[in-house]
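Take a look at this one; I'll ask things after.
So that the names make sense, note that chain A is the first sequence line, chain B the second, and so on, each numbered from 1.
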Number of protein chains: 2
Amino acid sequence: MTDNPDLKEYWEARPLPLPSVSIDCVIFGFHANQLKILLLRYKNTDFFALPGGFINQDENLEDAAARVLEERTGLQHIYLEQYYVFGDKNRRFDATHHELMNGSGIMLRPGHFLLNRFISIGYYALIDFSKARPKPDAFSASCEWYDLDTIPTLIFDHDFILQKALHTLRANLDEKLIGLNLLPETFTMNEFQSLYETILGEKIARSNFQRKVLGLHMLKRLDKKITGGAHKAPYLYSFDSKTASKS
Amino acid sequence: MTDNPDLKEYWEARPLPLPSVSIDCVIFGFHANQLKILLLRYKNTDFFALPGGFINQDENLEDAAARVLEERTGLQHIYLEQYYVFGDKNRRFDATHHELMNGSGIMLRPGHFLLNRFISIGYYALIDFSKARPKPDAFSASCEWYDLDTIPTLIFDHDFILQKALHTLRANLDEKLIGLNLLPETFTMNEFQSLYETILGEKIARSNFQRKVLGLHMLKRLDKKITGGAHKAPYLYSFDSKTASKS
DNA sequence: GTATTATTGTCACAAGATGATACAATGACT
DNA sequence: AGTCATTGTATCATCTTGTGACAATAATAC
């Protein structure tokens, strides 16, 4: 393995974060009627991972998650929800960490802080796909969206962390205004319904869905959208800021 | 403050736990139509706190919480749910820690592991009040039940941790079988309803409640209970192990 | 013994929410 | 103008929930 002086310096200059604790972020987006998730691939490896990071000594938990989110997507003020802490006693992954860092030309010395047990706090984020500008971190070659049904196998226990996020998202679907955060400013009723269907993994009766969401009085009806399709043009909707709140 | 050699030895011999991470447990019980919470009072102080502890290096998070629970109540296989992580950057309470330990005759030296920032993982537990045998820990003078409406002010951010547990309990009331864990083996419909009413903090229409819970087919009807009251005797019920599961 | 009282188990009806289906409206294409 | 696919809405049946009424009954008062 060749050494990588730049990254090494960056890594070694970094003040040690809060020990034993890491953050993992499941970042959901919605595009082309598909629920998508942002994943990193580590340089010179086939290892895929959820975006994550550590907590600075003088940083709130929530702020650390928001920082990771901004670094990966360029977005601020993102909808973020802490959903579970993963604390298995076997959460130490020395061999994998060595491989990951080797991919960036870094040799982890014995006693390096990564080679310890970590608990990881899971956050899920809902973002407007069209606004995100995914950006890899220093150790990864890519940061890209993956459809839910084509997710590669992930490192560590990230598969489990992802599944748990998905279950939580499903369970929260009715209570939290999930559409508000995943959809663009304006959208059609069909897009809104598709979002719900892909999250739930099942079809919903069209007319009942419309009746229900309109009955909540959180949508404003805008102009019609001229689709170019050989059929009636749908209205565009947006969330009504008077009755719908961000969280 | 006088030194306390026994406790000091115990404390110093203890291998260091997982750094930066603690656990706090909100232990709910139900008795005499009141929702109750188990609190510790530190020796020679007026400081009240939620039972808590640390995670051993080779211990699962969940097991650490179960251990704390067993130490305070004598009960195993308790219903436990992780509900939130409290990670404010200001979660360091040096002055209070000194006072708490002074109460047990212990001087915390500079650099002691308690004098750091901690994140705390909140668990709430539901237990059968009649089976618990509350027991103080090494630093506390008492471990007792408090009615929800007579809770004293708590140390650190424990007031907030308690409120968040209560909100989560309310939100989960319909989905999780909360009665199963808080009630004794057999109970009347009235007791069952009172439990729900105290958790929700509002009255429920009697006949609707009965229709609803019986409709779930999770209760077995047993013999009548002779109360001694001048009225019709209520049936006793228990949870049906065939249709009701612990979690 | 008999009447009284408070509480319990159940039923009946109204109001509201949900599921399933039908149908007219409409933008683009032939 | 006619066809087509999709959209917005109305309708009806079904299920759920809110509200109140009523008979049953264990203890007490007389």
Interatomic distance where NZ belongs to A:Lys232 and C1' belongs to C:dC23 [whole Å]: 11 Å
Compare the minimum distances between each of C:dT10, C:dG27, D:dG8 and the side chain of A:Met189, then state the nucleotide with the smallest one. D:dG8
Can you find a heavy atom in the side chain of A:Leu236 that is under 4.5 Å from one in the side chain of A:Phe187? no
How would you label the contact of B:Ala233 with the nucleic acid (heavy atoms, under 4.0 Å): base, sugar-phosphate, or nothing? sugar-phosphate
Minimum-distance nucleotide to B:Ala205 side chain [options: D:dT19, D:dT9, D:dT25]: D:dT19
Atom-to-atom span, CG of A:Leu214 to C1' of D:dA10 - whole angstrom: 14 Å
Closest to the 5' end of DNA chain C, once B:Arg211 and B:Asn190 are matched to their nearest nucleotides, is B:Asn190
In whole angstroms, the gap separating P of D:dT7 from CZ of A:Arg221 amounts to 13 Å
A:Lys225 has an atom NZ; how far is it from atom C1' of D:dG8, in whole Å? 17 Å
Check the distance between C:dA17's C1' and A:Lys212's NZ and give it to me in whole angstrom. 8 Å
Does the pair A:Glu202/A:Arg170 count as a salt bridge with the N-to-O cut at 4.0 Å? no
Between B:Tyr42 and B:Asp137, do the side chains contain a donor N or O and an acceptor N or O under 3.5 Å apart? no
What is the separation between atom NZ on B:Lys203 and atom P on D:dT17, rounded to the nearest whole Å? 21 Å
Using a distance-only criterion (donor-acceptor N/O pair, under 3.5 Å, no hydrogens), is the base of D:dG20 paired with the side chain of B:Ser207? yes
Between B:Asp147 and B:Thr150, a side-chain donor and acceptor under 3.5 Å: no
Round to a whole Å and report the spacing from CG of A:Asp174 to C1' of C:dA17. 13 Å
Listed nucleotide nearest any side-chain atom of B:His231, set C:dG9, C:dA20, C:dA6: C:dA6
Measure from CG on B:Asn208 to P on C:dT10 and round the result to the nearest Å. 14 Å
Should the pair A:Arg221 and A:Tyr237 be classed as cation-pi, given the thresholds of under 6.0 Å to the six-membered ring centre and 45° from the axis? no
Per A:Tyr235 side chain, nearest of listed nucleotides C:dT10, D:dG8, C:dT8: D:dG8
Among D:dT9, C:dG27, D:dA21, the nucleotide that comes nearest once only the side chain of A:Lys224 is considered: C:dG27
